[in-house]
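Inspection log for the structure reproduced underneath, given as structure tokens.
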Amino acid sequence: MKVDVILGLQWGDEGKGKIVDVFTPHYDIIARFQGGPNAGHTIEFDGKKFVLHTIPSGIFHRSTLNLIGNGVIIDPFIFIKEIDKLKEAGINAQENLLISSRAHFILPTHRLLDAVSESKKGHAKIGSTLKGIGPAYTDKYARNGLRVGNMKDENFMECYRILKEMHLRIITSNNANLSELTLDELSFEAYEEKWFESINKMKSFRIVEGEQFLNRSLDEGKSVMAEGAQGSLLDVDFGSYPFVTSSNTIAAGACSGLGISPHRIGKIYGIFKAYCTRVGSGPFPTELLDETGETLRKNGNEYGSTTGRPRRCGWLDLPALKYAIMLNGVDSLIMMKADVMNTFKKIMVCNNYKTGNQVLDEFPFDLSDKTLEPIYQEMNGWNQSLADVTSLDNLPEAIANYIRFIEKETNCPIDIVSLGPDRVQTLKR
Ligand code: GDP
Ligand code: IMO
Ligand code: MG
């Protein structure tokens, strides 16, 4: 058996949560491979809405196991809050959730370091989610991190204390005052206390060697879907650096983030919105700072699932999409939120970039280059509700044409079109 991968092709929030949930009945295991609680994956069904940050999006299907992979970083406080929210809705996530012993912890001081780093950067700030992502991955690669598999160790507290003190030295050397800093409206001490309470609760979860579990399951013929977080343009190597997250969001990240060989990768599904959004700072060539951008935000309810910040909106960016398809080796495209453009008479698509009179034939190194301009092609909008459409074969001509155009430009089939946030608002080939 192979591991299929599902990941975002833009700047995150493409609708990964919804589609993973739709796919879950076809898989025995869903495994998140990177990122942390910077992610917000939304799932809607039966009039209910859930936003997951650390827990894989297959959790609502009781017969599918969900693994938090070694590549994920976990804030116990946020994780247990998520677990409790599910409990309130009658879902006992503990039953079908496994956590890799090799996943790293986000410490309370990682979150403080994130805030200090952002405030030091001033206008150049990344616009991070302030969940401690950058500092926690930094410690992982600097070989200072604390891992899930260590939480029952006798010297866990001592290791925590050493790392915390190292962080506090950095924080105070940046003239930040610990007593004035808060985390989710709690004082540092109150947050830290809850963090340890949460660690204690985590001890009752099923901690496994995720890589052993997955490879064994594959040998036994089990089907696995790897769930990405963020999007390819936020990848630490290939995204719009430095305005990126701190992990490899691309398909290759599934191998290192789960402990599976590239040989074991199966089909790669790439998700994109019919337009583009971005939350946080950084270049966004097709951003619309006008009324059309407002309309996309309003129709698409484009506000961050994790931070509530308004998302920046713009037209579909084909050079960026093609670049992401290349990096990931996407086999199958999934187009989300087409319904958001139902009222548009005309739609623009960026099909190239230029600097001066020169059309670029490659995706540029520096997306912040001020001379970079998108070249747009105008297309007819469908300008009608798609609520009654039940099949990809009877779409109105204008949207069918939009789909064909994207397929031709990207040389990749669009096999699923999503027309609303609910599970059932999904058209498949
Ligand atoms: P993720 O991070 O990729 O899982 O995406 P988010 O959950 O952060 O953001 C996607 C948002 O769009 C969520 O609020 C979803 O409920 C919503 N959504 C997903 N698919 C569709 C769709 O086809 N149409 C509309 N209108 N909303 C959608
Ligand atoms: P999902 O999985 C959208 C963005 C932040 C910021 C940059 C770095 O829901 O698609 P970080 O906190 O990672 O250091 O922030 O990345 N970002 C996301 N944007 N969706 C996400 O996740 C994101 N996770 C991080 O806004 O610009
Ligand atoms: Mg999201």
Side-chain angles (χ1 to χ4, degrees), residues 6-22 32-45 48-54 56-57 72-73 75 106 110-111 113-115 117-118 125-138 227-236 239-247 249 270-284 296-312 334-342 386-387 416-427:
I6 190 153
L7 43 76
L9 298 177
Q10 295 164 324
W11 280 285
D13 302 331
E14 297 88 352
K16 297 174 291 293
K18 166 177 166 162
I19 294 299
V20 171
D21 171 70
V22 166
R32 234 311 271 281
F33 62 86
Q34 44 68 235
N38 48 350
H41 295 179
T42 315
I43 292 123
E44 290 193 34
F45 56 90
K48 287 174 285 191
K49 176 175 167 173
F50 298 93
V51 182
L52 300 173
H53 303 287
T54 319
S57 303
V72 176
I73 49 176
D75 182 327
I106 302 174
H110 282 137
R111 292 193 62 180
L113 285 172
D114 201 356
S117 161
E118 285 286 77
K125 72 173 184 186
I126 311 290
S128 107
T129 59
L130 300 178
K131 303 296 178 198
I133 303 299
Y137 276 120
T138 299
E227 173 182 5
Q230 290 78 55
S232 301
L233 303 177
L234 289 170
D235 181 273
V236 66
S240 45
Y241 194 89
F243 301 99
V244 294
T245 191
S246 299
S247 62
T249 61
I271 306 195
F272 70 104
K273 280 178 191 169
Y275 49 98
C276 259
T277 64
R278 163 159 218 175
V279 62
S281 333
F284 182 180
L296 285 171
R297 185 173 310 117
K298 192 166 133 281
N299 292 0
N301 190 25
E302 294 294 359
Y303 294 89
S305 317
T306 295
T307 58
R309 292 178 292 179
R311 294 180 185 142
R312 300 154 65 192
I334 300 173
M335 185 169 89
M336 309 299 288
K337 302 190 90 160
D339 55 298
V340 172
M341 299 204 292
N342 281 355
L386 300 172
I416 295 178
V417 175
S418 172
L419 298 177
D422 195 277
R423 248 182 209 171
V424 297
Q425 293 168 299
T426 315
L427 305 180

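Just the heavy atoms: all of them, side chains too, but no hydrogens, waters or symmetry mates, feed the values below. Residues take their numbers from the sequence shown, with the count starting at 1. A quick note: this is a predicted structure, and the numbers were derived from the prediction, not measured. When a ligand or atom number is given, it counts from 1 through the structure's own listing order.
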Value for CD (Gln10) from CD (Gln230), rounded to nearest 0.5 Å, stands at 14.5 Å

Between Thr245 and Ile133 the two heavy atoms that sit nearest each other are OG1-CG2, 3.7 Å

For Ala39, the ligand 2 atoms with a heavy-atom partner under 4.0 Å come out as 1 (P), 2 (O), 9 (O), 22 (O)

The closest protein heavy-atom partner of atom 23 (O) of ligand 1 is Ser418 OG, 2.5 Å

of all protein heavy atoms, closest to atom 23 (C) of ligand 2 is Gln230 CG, 3.6 Å

Atom 2 (O) of ligand 1 sits nearest the protein heavy atom Gly40 O, 2.8 Å

Ranked by distance from atom 24 (N) of ligand 1, the top protein heavy atom is Asp339 OD1, 2.8 Å

Closest non-hydrogen atoms of Val51 and His53, given as atom of the first, atom of the second and distance, are CG1-CE1, 3.7 Å

May I ask you to decide if Arg423's main-chain N or O and Thr426's side chain share a donor-acceptor pair within less than 3.5 Å? yes

Any heavy atom of Phe243 under 4.0 Å from ligand 2? The part involved is neither

| said: Would you say the Mg ion (ligand 3) has Gly17 as a near neighbour, meaning an N/O/S atom of that residue under 2.8 Å away? | reply: no

Answer key: the N, O or S atom of Asp13 nearest to the Mg ion (ligand 3) is OD1

Of all heavy-atom pairs linking Gly228 and His41, the shortest is O-CE1, 3.4 Å

To atom 9 (O) of ligand 1, the nearest of Met336, Glu14, Arg311 on a heavy-atom basis is Arg311

Looking at Val244, Thr129, Thr306, the heavy atom closest to atom 12 (O) of ligand 2 belongs to Thr129

Counting from 1 in the order shown, the ligand 2 atoms closer than 4.0 Å to a non-hydrogen atom of Asn38 are 12 (O), 13 (O), 22 (O), 23 (C), 24 (N), 25 (C)

For the residue pair Ser305 and Arg311, confirm or rule out a side-chain donor-acceptor distance under 3.5 Å. yes

Taking only non-hydrogen atoms of His41 and a 4.0 Å limit, the atoms of ligand 1 in range are 1 (P), 2 (O), 4 (O), 7 (O)

Notebook entry, point to check: Counting distance only, does the side-chain N/O of Arg297 pair as donor-acceptor with the main-chain N or O of Tyr303 below 3.5 Å?
Noted result: no

Looking at Leu234, Thr307, Thr245, the heavy atom closest to atom 4 (C) of ligand 2 belongs to Leu234

Honestly, for Arg278 the part within reach of ligand 2 (heavy atoms, under 4.0 Å) is neither

**OP:** Mark yes or no for whether Ser247, through its side chain, and Thr249, through its backbone, hold a donor-acceptor pair below 3.5 Å.
**Re:** no

Exercise. Taking the side chain from Tyr137 and the backbone from Gly35, do they hold a donor-acceptor pair closer than 3.5 Å?
Worked result: yes

Quick look: Arg309 vs ligand 2, heavy-atom contacts under 4.0 Å, and the answer is side chain

- Gly420 near ligand 1, heavy-atom distance under 4.0 Å? yes

inquiry  = Could you tell me if the side chain of Thr277 sits less than 4.5 Å from the side chain of Arg312, heavy atoms only?
reply    = no

The protein heavy atom nearest to atom 10 (C) of ligand 1 is Asp13 O, 3.7 Å

Contact region, Lys18 to ligand 1, non-hydrogen atoms below 4.0 Å, reads side chain

Taking every heavy atom of Arg278 against every heavy atom of Phe243, the minimum-distance pair comes out as NH2-O, 2.7 Å

| message | Test your reading of the model: is there a side-chain donor-acceptor pair from Asp235 to the backbone of Ser232, 3.5 Å cut-off? | response | no

> Does a donor on one side chain and an acceptor on the other come within less than 3.5 Å for Ser57 and Glu227?
Replying inline: yes

Ligand 2 to Trp11, heavy atom cutoff 4.0 Å, flagged ligand atoms 3 (C), 19 (N)

Ranked by distance from atom 27 (O) of ligand 2, the top protein heavy atom is Val279 O, 3.1 Å

If you scan protein heavy atoms around atom 4 (O) of ligand 1, the nearest is Gly17 N, 2.8 Å

Tell me whether Gly40 reaches ligand 2 (any heavy atom closer than 4.0 angstrom to a ligand atom).
yes

Any heavy atom of Pro421 under 4.0 Å from ligand 1? The part involved is both

Exercise. Does any N/O atom on Gly15 come nearer than 3.5 Å to any N/O atom on ligand 1?
Worked result: yes

The atoms of ligand 2 lying under 4.0 Å from a heavy atom of Lys16, numbered in the order shown, are 1 (P), 2 (O), 10 (O)

In terms of heavy-atom contacts, Asp13 and Lys273 come closest through O-CE, 2.7 Å

When every non-hydrogen atom of Trp11 is compared with those of Glu14, the smallest separation belongs to N-OE2, 3.7 Å

Looking only at protein heavy atoms, what sits closest to atom 11 (C) of ligand 1 is Lys337 NZ, 3.6 Å

* Side-chain donor-acceptor contact under 3.5 Å, Ser418 with Lys18 -> yes

Any non-hydrogen side-chain atom of Ile271 less than 4.5 Å from a side-chain atom of Ile6? yes

Taking only non-hydrogen atoms of Ala229 and a 4.0 Å limit, the atoms of ligand 2 in range are 2 (O)

Open item on the list: Please check whether Lys131 reaches ligand 2 - meaning an N/O of the residue sits under 3.5 Å from an N/O of the ligand, judged on distance alone.
Closed with: no

Ranked by distance from atom 15 (O) of ligand 2, the top protein heavy atom is Ser128 CA, 3.4 Å

Nearest non-hydrogen protein atom to atom 7 (O) of ligand 1, with distance, is Thr42 OG1, 2.5 Å

- N/O donor-acceptor pair under 3.5 Å between Gln425 side chain and Asp422 backbone: yes

- Task: Give a yes or no on whether a salt bridge exists between Asp75 and Lys131, defined as a side-chain N under 4.0 angstrom from a carboxylate O.
- Result: no

With heavy atoms and a 4.0 Å threshold, my read on which part of Glu44 contacts ligand 1 is side chain

Atom 5 (C) of ligand 2 has as its nearest protein heavy atom Gly127 O, 3.6 Å

Note: Val51, heavy atoms under 4.0 Å from ligand 1, region reported as neither

The closest protein heavy-atom partner of atom 20 (N) of ligand 2 is Asp13 OD1, 3.0 Å

